[in-house]
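This report refers to the structure that appears directly beneath it.
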Protein chains: 4
Amino acid sequence: MIKVDTSSFVPIYEQIKKGFKKEIFRQDLKPHDPLPSIRDLATELLINPNTVARAYRELEMEGFIYTKKGKGCYVSDDSTQRMTEERKSILARTFDDVIEEAKKYSLNPDEIKKFFEERLARSLEGTKRGE
Amino acid sequence: MIKVDTSSFVPIYEQIKKGFKKEIFRQDLKPHDPLPSIRDLATELLINPNTVARAYRELEMEGFIYTKKGKGCYVSDDSTQRMTEERKSILARTFDDVIEEAKKYSLNPDEIKKFFEERLARSLEGTKRGE
Amino acid sequence: MIKVDTSSFVPIYEQIKKGFKKEIFRQDLKPHDPLPSIRDLATELLINPNTVARAYRELEMEGFIYTKKGKGCYVSDDSTQRMTEERKSILARTFDDVIEEAKKYSLNPDEIKKFFEERLARSLEGTKRGE
Amino acid sequence: MIKVDTSSFVPIYEQIKKGFKKEIFRQDLKPHDPLPSIRDLATELLINPNTVARAYRELEMEGFIYTKKGKGCYVSDDSTQRMTEERKSILARTFDDVIEEAKKYSLNPDEIKKFFEERLARSLEGTKRGE
DNA sequence: GTGGTCTAGACCACC
DNA sequence: GTGGTCTAGACCACA
């Protein structure tokens with residue numbers, strides 16, 4: 001399910017792109033699966049169809065989806081492969097960002113590690129109970 | 001040392017604000033310490049002075065710094081106290097975000113932990129050599 | 001000079017992209033040269049700024065230009081190299097299209113060749129006299 | 001044989017119209033010859049019957065074909081005459097367009113001629129082997 | 001002043 | 001119904 005945070009600095013169309021890339025990577029969306037129609041998703045997210053259209057257009061330019069005019073947008077054949085290529089660098093960057101953030105606040109690497117594991121454990125508990 | 005990533009979606013003035021808040025929390029900047037002049041920092045970061053000015057203006061509005069006209073900007077008396085209030089929730093939220101992100105991409109908690117420690121170790125190596 | 005034919009089936013933003021690619025290839029635009037501002041070009045072509053913006057955005061995504069926020073758009077360092085890569089395939093496709101077109105109308109390859117040279121000669125005369 | 005390029009900006013119905021006009025000019029389709037049925041052609045081209053229907057409708061409006069209700073579409077009596085009127089200007093324009101295009105990319109007229117003949121020769125080889 | 005994002009709403013090609 | 005293009009005009013970050 002795609003979510004969007006309109007108060008974030010990240011543009012909405014980027015959040016949508018990211019959302020679908022994750023779904024593709026997790027294989028919640030498999031090759032040739034249809035994406036929601038532009039108008040439907042726009043309605044659901046309470047945003048303008050043009051914004052969704054831009055996200056879809058860029059996903060197509062990057063090769064993750066393809067468009068059948070008048071029919072809809074579908075996940076590409078080689079989408080999973082593309083994601084695997086992108087995934088490592090995305091994750092690495094995300095972790096590096098948070099580490100740099102944490103280093104600035106707490107300095108001690110052991111503290112960072114401990115804090116991270118604490119949050120991770122907490123997050124897993126939440127998952128076990130449902131979510 | 002303040003750093004800025006112009007390719008990030010986060011506005012530059014926000015990155016500057018964040019940077020100083022961290023320095024204040026780490027007590028690298030103590031009450032009544034002077035901030036670099038707007039022009040110097042702008043020159044150093046290769047950005048426009050207006051952008052630095054905005055960051056300083058908002059830091060002042062939030063009570064972290066105060067301005068002596070014609071002299072410069074200085075860290076507030078109660079700045080550290082303000083930061084301690086904000087800190088824990090900020091860090092927890094940052095970590096939770098990245099964990100949620102990683103869970104979406106790799107699913108396995110052990111993989112997340114391993115990957116995190118890998119990036120952390122890597123980041124520490126970089127630090128040893130200088131930065 | 002960029003021109004646009006609003007009655008063409010080719011989208012305006014594509015015509016603009018094509019136009020700049022040609023100028024770059026011909027080195028009328030060299031690395032780090034500024035492109036006209038979005039608003040200026042839109043005014044000149046009597047089209048909407050958003051349409052120019054889309055062309056610029058895609059040129060940037062394809063690596064031909066780069067953007068300095070608040071300043072303008074500039075030709076990339078390696079733009080000429082990129083064009084050289086794209087050029088042969090573009091030209092080949094264009095010629096193949098017209099040959100297929102001509103074959104369907106006149107059948108005889110010699111006629112095609114003769115007709116082509118006739119038009120080419122005619123076009124060159126026009127060029128000599130000025131244009 | 002009608003071909004269609006779905007990735008082209010030219011609307012599919014236009015490509016179909018163009019295709020039949022060429023067949024009529026080449027007299028592959030003579031007056032009172034039947035056109036393929038809308039459904040058959042749509043199936044063959046993997047497109048929607050409505051698209052074929054539109055092409056036929058416009059060809060009829062332009063006088064190239066006529067329709068017998070319940071039977072099908074047929075080439076008009078005076079279709080060849082119509083084509084001969086249109087032909088020369090169409091071909092000349094097509095060639096002029098491609099020459100102008102090539103001039104913008106390669107400048108040198110001899111290069112243009114050489115490149116054209118190269119593509120022409122290549123295209124003829126392809127034809128000999130079948131296509 | 002610049003470009004970037006987003007909205008609202010039009011028209012078109014195609015299913 | 002679908003997506004694609006374009007317009008008009010708003011607000012924001014940045015120079």
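Lettering of chains follows the sequences in order, A, B, ..., and the numbering in each one begins at 1. In this text, all values refer to a predicted model and were calculated from it rather than measured experimentally.
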Opposite nucleotide pairing with E/dC14, Watson-Crick or G-U, both atom distances under 3.5 Å
F/dG1
On DNA chain E, does the nearest nucleotide to A/Pro11 precede the nearest nucleotide to A/Arg39 from the 5' side, or the other way round? Give the residue.
A/Pro11
To the nearest angstrom, how far is D/Ile38 atom CD1 from E/dC15 atom P?
14 Å
Can a salt bridge be assigned to the pair A/Glu14 and A/Lys17 using a cut-off of 4.0 Å between side-chain N and carboxylate O?
yes
Under 4.0 Å from a heavy atom of chain C: give me the 5'-most and 3'-most nucleotides of DNA chain F that qualify.
F/dT5 to F/dA15
Does the plane of the ring in A/His32 sit parallel, tilted or perpendicular to the ring in A/Tyr66? Use 30° and 60° as the thresholds.
perpendicular
Salt-bridge contact B/Asp5-A/Arg93 (side-chain N to carboxylate O under 4.0 Å):
yes
Taking the nucleotide of DNA chain F with the closest heavy atom to each, which residue, C/Ile12 or B/Val10, is nearer the 5' end?
C/Ile12
Just how far is it from atom CD1 of A/Ile90 to atom CE of A/Met83, taken to the nearest 0.5 Å?
5.0 Å
Less than 6.0 angstrom from the centroid, inside 45 degrees of the normal: does C/Arg54 satisfy that with respect to the ring of C/Tyr13?
yes
Closest-nucleotide ordering on DNA chain E, the 5'-leading residue of D/Arg54 and A/Asn50:
A/Asn50
Please check this pair: side chain of C/Ser37 against backbone of C/Asp40, looking for a donor-acceptor N/O pair closer than 3.5 Å.
yes
Both A/Phe9 and A/Glu60 contact DNA chain F. Taking the nearest nucleotide for each, which residue is further toward the 5' end?
A/Glu60
Nucleotide E/dC15, atom P - distance to CG of D/Leu46 in whole Å
11 Å
